[in-house]
Protein chains: 4
Amino acid sequence: MTTTLRADAARNRERVLATARAVAAEGDLSLPLNEIARRAGVGVGTVYRHFPTRRALLEALAADAFATLLDQARAATRGDDPWDGVELLLRAFLRGQLDDPALAEVLSTSAEEDAIAQTTAGREELGALAAIVLARATRAGRLRPGLTLDDLQHLVCGTAFAARLADAPDRRVELYLTVLLAGLRAPDPTGAARPAD
Amino acid sequence: MTTTLRADAARNRERVLATARAVAAEGDLSLPLNEIARRAGVGVGTVYRHFPTRRALLEALAADAFATLLDQARAATRGDDPWDGVELLLRAFLRGQLDDPALAEVLSTSAEEDAIAQTTAGREELGALAAIVLARATRAGRLRPGLTLDDLQHLVCGTAFAARLADAPDRRVELYLTVLLAGLRAPDPTGAARPAD
Amino acid sequence: MTTTLRADAARNRERVLATARAVAAEGDLSLPLNEIARRAGVGVGTVYRHFPTRRALLEALAADAFATLLDQARAATRGDDPWDGVELLLRAFLRGQLDDPALAEVLSTSAEEDAIAQTTAGREELGALAAIVLARATRAGRLRPGLTLDDLQHLVCGTAFAARLADAPDRRVELYLTVLLAGLRAPDPTGAARPAD
Amino acid sequence: MTTTLRADAARNRERVLATARAVAAEGDLSLPLNEIARRAGVGVGTVYRHFPTRRALLEALAADAFATLLDQARAATRGDDPWDGVELLLRAFLRGQLDDPALAEVLSTSAEEDAIAQTTAGREELGALAAIVLARATRAGRLRPGLTLDDLQHLVCGTAFAARLADAPDRRVELYLTVLLAGLRAPDPTGAARPAD
DNA sequence: CATGAATGAGCTTTCATTCAT
DNA sequence: AATGAATGAAAGCTCATTCAT
């Protein structure tokens, strides 16, 4: 029952979010609320009204990127080829995290930390979509056996972490994604070439 | 260069390290120096004398695990099979990080952050050893083209990160390592089986 | 003088008072206006319109108990026995304060603090009634010499304070009241028994 | 095992206490630690080191007056006349609270609130001494039956409260004390004169 | 060298009060 | 009138770091 925000409240909320985004972009994800209030030119109280905790602000920051990710995840369930789905999904996951460090942090923590129901809801939908993609790939025998939904999630977060370690993450993502996908793919059962591997 | 410490100084140093290790083991890597001093039963000043910064303490904490890793990296350069070398190296990397969170943090940062020369030296030796392993695997055509030494480093740190996200990291490492290795391996050049991938 | 309130305004006023009473009953007499507004389901502004200060709200809260006390004080002036009047008056004072902490606070402060004319008026009437009771008891030689109206007021507030310190105030009031009355009573002039006291 | 404070530490502690005393004397017993630090010219941290909570500071403030009270309570157990003991004890109680508002607050709260062991210890010794005085007076049939140690404590705190309500507490204490003592004294058993009271 | 007291910046949090809607 | 968002002053508290002893 989210009633529409009053005009000025919405304006302030946006201002705080924008400031927080700027602060986060500078590499500081600790999001000190009073500092943000100062830079946004609003009272501390205002920040606390909109975002009672650092985590609530973090999730609000990540919300857009999360929505985009969900869109792409939905798309990933719709293609014909099961493996394409996996690839689309993981690329979306990866890009989302690189484009928005807040999303990276949200995805790297569990639902128990969630401050906002919307986040948990998104998390659940994302899980459901990923489960579909996973199931199709598994059924098609394309996915390495033994991998759970959680494993996928962890590995894609790890890959985002890896990319962030690079000097130019953007120029490394595709390669790292390729590595990840190759690693996830079911090993060649006929494997005559390299039996010992 | 390293003058031998007075007996009591050495004892204090060890006490601080042990306490820090205990604190880190409890999951708190922020290493609050005051708290550590208190728990170690020494003055804060003593902690600062031995470890001027949090980072210096972190590297001291990681030193043992780092040495072990170097040993294993040396071993990895000595085997017959180029790919075995890669596997040994990455497994050592991974285990080292899981067994010692301090090492994980050290390996996930760059030499510029180093507070202690020994760390940088270790880093360089590790790089040299990894370069050997990498070169052999590359020469044997076993490694996916385009991967640099840094990429390996990032990916293995990312994999450690992924494992730490799991509820029971230790039960997931081998699987994640398998995924990583499979992803790093050069793709089958004859690739008749799955043309579209 | 008091213009009749619009129906909704009156409803809001009552709602705020009821909430404040509930909050006070929970033992928190600080009456945080924001909190009360929230719990009453009205805006803070509404609370401020009806009760410009915390004190105004406090006095409004105490008003009923104050009126009851006035009734009993009037009755105390009407009996035959002068001492009965004192007893009735003080018991009413005491009970009123224990039953309503807001009244206790109002009675323990002076008219200068009053935010509402009605409170000051009540205070004055109460003073006049008590003066009557006091005068009759004094004239009958039943009251310890030297006690002023203010002294009575202070002592009865102090006795209420004493009762509130007890674990079960209600089970201690009568005893404490007995002590107070015995203390206020004029000492036996024939006092042959214990001359030195 | 209170080791002697370092000279500068002791100086600071005293400075904080003095400032707190000044603040309390101005009538503000809320003892805001920040404000006190500022006025004392020391860092907040210093205040917190010496007095972790407002309550700890309050008890430290009250300590001297508490010690004096204990001295007088000891004296009250030593006299010949049981009733003199009661009088000495209650006068000491009363004067202590009026002279030091911090002591008044400490005595009006229970041991559960105590932040400092010394306070609880003092409280216990005071209780023991009062028990002696009470027992002697009771045995001598001088004390009104039914009164417990706690009742005495509550009533004397209430009387201090009453005195504080007066414009010139110091000029009212003796009278209020007389009232209290008269109230506590066992009623005349031969009481033929005023049967109904 | 060791100690630990002192410092003070920085963050969180709460509320009374104002004021735009 | 009513609403409730915004404000910002006050505290509270924690810690990294310095420095007198």
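All chains are named by letter (A, B, ...) in the order of the sequence lines, taking the proteins before the strands, and each is independently numbered beginning at 1.
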- Task: Take T120(C) and E112(C), measure what side chain to side chain contact (heavy atoms under 4.5 Å, CB included) needs, and give me the verdict at the end.
- Result: CA-CA 9 Å; T120(C) 310; E112(C) 281 104 64; over 6 Å; no

I36(A) atom CD1 is separated from dT7(F) atom P, nearest whole Å, by 15 Å

Side-chain atoms of E35(A) come closest, of dT13(E), dA16(E), dC11(E), to dC11(E)

To the nearest angstrom, the CZ-P distance between R38(D) and dA9(E) comes to 14 Å

dA2(E) -> Watson-Crick or G-U wobble partner, both distances under 3.5 Å, gives dT21(F)

In terms of heavy-atom contacts, T109(A) and R123(A) come closest through O-NH1, 2.7 Å

Rounded to whole Å, CG of D28(A) lies from C1' of dG10(E) at a distance of 12 Å

With respect to the phosphate group of dA2(E), does any side-chain polar atom (N or O) of N12(B) fall under 4.0 Å of OP1 or OP2?
yes

May I ask you to say what N34(D) touches in the nucleic acid, namely base, sugar-phosphate or nothing, with a heavy-atom cut-off under 4.0 Å?
base

Mate of dC15(F) across any strand shown (Watson-Crick or G-U wobble, both atom pairs under 3.5 Å) is dG8(E)

Comparing nearest nucleotides in DNA chain F, the 5'-proximal residue of the pair T46(A), G45(C) is G45(C)

With sequence neighbours left out, the residues meeting side-chain contact (heavy atoms from CB on, under 4.5 Å) with A115(D) are T53(D), R55(D), A56(D), E59(D)

Rounded to whole Å, the OH-P distance (Y48(C) to dA5(F)) equals 16 Å

Side-chain atoms of L33(C) come closest, of dA16(E), dC11(E), dT14(F), to dA16(E)

Whole-Å distance, R11(A) CZ to dA20(E) P, equals 12 Å

Rounded to whole Å, CZ of R39(B) lies from C1' of dT3(E) at a distance of 20 Å

Between CZ of R15(C) and C1' of dA2(F) the distance, given in whole Å, is 12 Å

Query - Flag side-chain contact, heavy atom, 4.5 Å: R38(C) against L33(C) - result: no

Taken to the nearest whole Å, CZ/R49(C) to C1'/dC19(E) is 12 Å

The answer to which of V44(C) and V44(B) contacts DNA chain E further toward the 5' end, by nearest nucleotide, is V44(B)

DNA chain F nearest-nucleotide lookup for P52(D) and P52(B): closer to the 5′ end is P52(D)

The residue, V42(B) or T53(A), whose nearest nucleotide of DNA chain E is more 5′ is V42(B)

Please confirm whether the backbone N or O of A104(B) pairs with a side-chain atom of S108(B), one donor and one acceptor, at under 3.5 Å?
-> yes

Phosphate OP1/OP2 of dA6(F) contacted by H50(A) side-chain N/O (<4.0 Å)
yes

Ranking dT17(F), dA2(F), dT17(E) by distance to the side chain of D8(C), first place goes to dA2(F)

